[in-house]
Amino acid sequence: LKQEALAKVTAAQSEKELQDVRVAYLGKKGPITEVLRGMGKLSAEERPVIGALANVVRDDIKAAIDEKMEVMAASALEQKLKAETIDVTLPGRKPKQGTTHPLNQVVREIEEIFLGMGFSVGEGPEIETDYYNFEALNLPKDHPARDMQDSFYITEDTLLRTQTSPVQARTMEAHKGKGPVKVIAPGKVFRRDDDDATHSHQFMQAEGLYVDKDVRMSDLKGVLELFAKQFFGQDRDIRLRPSFFPFTEPSVEIDVSCGICKGQGCRVCKQSRWIEVLGAGMVHPRVLEMSGFDPNEYSGFAFGMGVERLAMLKYDIDDIRQFYTNDHRFLQQFHTK
Ligand code: PHE
């Protein structure tokens, strides 16, 4: 019996087979248990002999099974370790690194240029009150120009700002009627527009405001000409065209000359020598007054530029949606390092 059991232990190929051998020979229904159970029927002389023999056989079989179990477990572990070896000589995989979004790069560039001209950087809330977004900018409740900027209202009195111009009013209020005020305020704005290649319901503007004694239109022109040359290149010119905004008087739209083909026809200018980049003007006396500045003492200019517009012209990008869909192939081209 013992020889037979040991042979099966040797033959067992897996832990499961070994377990079966254990059950078959040492289990409750196995032959050894049977022998031990039958002891009562034996004579007093036979009992210790058979009992001792049965115990030895059981212990030997158990020891053989345990030993083989251990060997199997050890080899299983070894196999597992072998399968999981790490080849430390393989070159590492470089993780893909993010980079500053092209719009934020442009915003920073705008900020740098204006900081160089003595402006400071300001900001205002994206959720704005009707008062700051419209009223304080000389757009009373029933003003038709409110329709120019289809708004996302949150309540009757609050909305997502449609322009960065409310920062003008907030900044002037904070200065409590004392100049100079010289600030640039970039940020997100929102309009109820259907998105296409040139429209986005969310985009960015950079607002500029300079209020002081004796600020003149020629200052506006000088500052923006300097900006255009630094941002686009020294060969660029600007052009002022009369326009209308309720919060500036007079108002202008400013074009920058096409630098790539000089109007001969390229993706950017499509055969026009001038491209509109921003709205501007002399701060309306009523706007100065509403925000606590005496229009007899102070004057100022303001401008608002479309950040995407500037970025598209500078980098020859023909679809504004590129900035908001986060296609890695697009963003990768603006890696700075
Ligand atoms: N806020 C205007 C717009 O969004 C631009 C502007 C700003 C015009 C400041 C004049 C002065 O169209």
Side-chain angles (χ1 to χ4, degrees), residues 107 110 114 119 121-126 128-140 143-152 159-172 181-193 198-212 215-217 219-225 227-228 238-256 275-291 293 295 298-311 320:
V107 164
I110 295 169
F114 282 99
F119 285 71
V121 178
E123 61 176 5
E126 288 169 9
E128 192 48 284
T129 60
D130 185 275
Y131 176 78
Y132 285 112
N133 196 78
F134 292 126
E135 206 109 349
L137 298 172
N138 203 26
L139 274 129
H143 197 287
R146 282 195 180 205
D147 294 345
M148 279 163 51
Q149 308 183 354
D150 233 342
S151 325
F152 287 115
L159 70 161
L160 297 178
R161 67 178 176 190
T162 60
Q163 48 186 351
T164 44
S165 300
V167 185
Q168 287 185 35
R170 287 180 174 275
T171 309
M172 281 190 277
V181 181
K182 219 172 168 188
V183 71
I184 179 101
K188 295 187 192 107
V189 300
F190 310 82
R191 288 184 197 177
R192 277 179 42 190
D193 250 333
T198 53
H199 296 85
S200 172
H201 61 282
Q202 179 199 304
F203 58 103
M204 290 184 93
Q205 287 187 333
E207 193 80 10
L209 175 69
Y210 178 26
V211 177
D212 205 347
V215 176
R216 287 174 288 175
M217 193 108 181
D219 297 317
L220 169 68
K221 191 177 177 208
V223 163
L224 290 176
E225 189 168 324
F227 167 76
I238 63 164
R239 176 175 84 164
L240 278 62
R241 278 181 295 108
S243 183
F244 172 79
F245 298 102
F247 34 91
T248 47
E249 181 59 38
S251 301
V252 289
E253 258 158 359
I254 295 181
D255 302 336
V256 60
I275 305 138
E276 185 195 326
V277 290
L278 53 94
M282 301 308 289
V283 181
H284 197 292
R286 271 193 48 71
V287 172
L288 286 171
E289 210 173 356
M290 278 188 280
S291 294
F293 275 78
Y298 284 100
S299 57
F301 68 71
F303 57 84
M305 37 189 145
V307 175
E308 284 82 355
R309 197 87 208 271
L310 294 176
I320 193 171

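Each ligand, and each atom within it, is numbered from 1 in the order the structure gives.
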Arg191 and ligand 1 - part of the residue with a heavy-atom distance under 4.0 Å:
side chain
Under the 6.0 Å and 45° cation-pi test, does Arg161 pair with Tyr132?
no
Examine the proximity of ligand 1 to Phe247 and report which part, side chain or backbone, both or neither, has a heavy atom under 4.0 Å away.
side chain
Compute the minimum heavy-atom distance from Met282 to ligand 1 and say whether it is under 4.0 Å.
no
Those atoms of ligand 1 less than 4.0 Å from some heavy atom in Phe245
8 (C), 10 (C), 12 (O)
So, the side chain of Glu207 versus the backbone of Ser165: is there a donor-acceptor pair under 3.5 Å, distance only?
yes
Give the numbers and elements of all ligand 1 atoms closer than 4.0 Å to a heavy atom of Ala280.
8 (C), 10 (C), 11 (C)
Which atoms of ligand 1 sit under 4.0 Å from any heavy atom of Gly304?
6 (C), 7 (C), 9 (C)
Can you list the residues that meet the side chain to side chain contact (heavy atoms under 4.5 Å, CB included) rule with Asp212, with sequence neighbours excluded?
Pro180, Tyr210, Val215, Tyr298
Ser251 contact mode with ligand 1 (heavy-atom cut-off under 4.0 Å):
neither
Can you list the atoms of ligand 1 that are under 4.0 Å from a heavy atom of Gln168?
9 (C)
Ignoring hydrogens and angles, tell me if any N or O in the side chain of Gln205 forms a donor-acceptor pair with the backbone of Thr164 under 3.5 Å.
yes
Name all residues meeting the side chain to side chain contact (heavy atoms under 4.5 Å, CB included) criterion together with Glu276; count only those two or more places apart in sequence or in a different chain, and write none if there are none.
Arg241, Glu253, Asp255, Arg309
So, is Thr162 polar-close to ligand 1, with some N/O to N/O distance under 3.5 Å?
no
Give the ring-plane orientation class for Phe227 versus Phe114, where under 30° counts as parallel, over 60° as perpendicular and anything between as tilted.
parallel
Going by the atom numbers of ligand 1, which of them fall below 4.0 Å from some non-hydrogen atom of Gln205?
3 (C), 4 (O)
May I ask you to check if ligand 1 and Thr248 share an N or O to N or O distance below 3.5 Å?
no
Using a plain distance cutoff, I'd like to know if Glu207 has any nitrogen or oxygen under 3.5 Å from a nitrogen or oxygen of ligand 1.
no
Could you check whether any side-chain N or O of Gln163 sits under 3.5 Å from a backbone N or O of Asn133, counting only pairs where one atom can act as donor and the other as acceptor?
yes
For Thr162, is there any backbone N or O sitting under 3.5 Å from a side-chain donor or acceptor partner on Arg191?
yes
